[in-house]
Amino acid sequence: MAPRLTAQAAALRVGLMGGTFDPPHYGHLALAEAAREALELERVIFLPNGQPPHKPAWEVSPAEHRYAMTELACASHPHFFVSRAEMDRPGPSYSLDTVRAFQRELGPDLRLYFIVGMDSVVELPTWHEPDRLLEEAQVVAADRPGSESPDLEAILGAERRAKVQLIRMAPLGISGTDLRERVRAGRSLWYLTPEPVAAYIEKHGLYRQGEKNAQG
Ligand code: ATP
């Protein structure tokens, strides 16, 4: 399904932030804000994915819950938006398909920035058609605690490395995995995710059964 956004001006600078968002947390929000500020983006669009190509179905909460939580997480920021473009498309969520869907929707005077954490950008060689993605969007990456300053040239090769733009953000050692474990252990989510997200998790009883294992 095409993203429902309308082009308003020439050379619209738009950040795309894909993720599982299971649940969304301040690490995601701080990364998006660092990119928005550094690159003077008019908007950052969060894209909860459907079935991630690298994660099996039993590991990931239903997309509608992840979408609802991402909307709650972004609600107070005037330049953050959430799109159903990836989760409504059948099959695996490929970033290149998403970039092209936004190009079709928003027109040729669009500059797209594809925002990722360092743990994601080191996996770029395994993405679907990475070189086309690097041509059609500016890939932007920030360090993340646990994956700080890897040798990107060695990992990606010089040509791909030259096309990745690095930005700085205050390091936040927060992950969806840690938040899910905290809920399972009955621990606090204060100051790790916005309060409405924590309230949604509580209301819907998410993550209480813990991480499912391969036997399901
Ligand atoms: P999980 O622990 O479930 O794998 P996650 O916290 O890594 O989840 P994702 O939805 O997989 O969250 O991440 C979406 C994007 O946000 C990725 O590009 C990831 O690198 C980035 N990201 C997530 N958390 C942080 C963080 N604390 N700092 C910087 N980038 C982050």
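Both counts, for ligands and for their atoms, begin at 1 and track the order of listing.
By the 4.0 Å heavy-atom criterion, Gly18 is counted among the residues contacting ligand 1.
Ligand 1 places these atoms under 4.0 Å from at least one heavy atom of Ser120: 17 (C), 18 (O), 19 (C), 20 (O). In the vicinity of Thr177, heavy-atom distances shorter than 4.0 Å reach the ligand 1 atoms 1 (P), 2 (O), 3 (O), 4 (O). In summary, the atoms of ligand 1 found under 4.0 Å from a heavy atom of Gly27, numbered by their order in the structure, are 26 (C), 27 (N). Distances below 4.0 Å separate heavy atoms of Arg180 from the following atoms of ligand 1: 3 (O).
If you look at Val116 next to ligand 1, the close heavy atoms, those under 4.0 Å, come from the backbone and the side chain alike.
The backbone N or O of Glu136 lies less than 3.5 Å from a partner atom in the side chain of Gln103, making a donor-acceptor pair. Here the side chain of Arg184 pairs no donor or acceptor atom with the backbone of Tyr207 at under 3.5 angstrom.
For ligand 1, none of its N or O atoms has an N or O atom of Met17 under 3.5 Å away. Remark: ligand 1 and Gly176 share an N or O pair separated by less than 3.5 Å (distance only, no angle test).
For Ala34 against Met169, the heavy-atom pair with the smallest separation is CB-CB, 3.7 Å.
Screening residues 128-186 for ring-ring contact (aromatic ring centres under 6.0 Å, His included), with sequence neighbours left out, gives Tyr94-His128.
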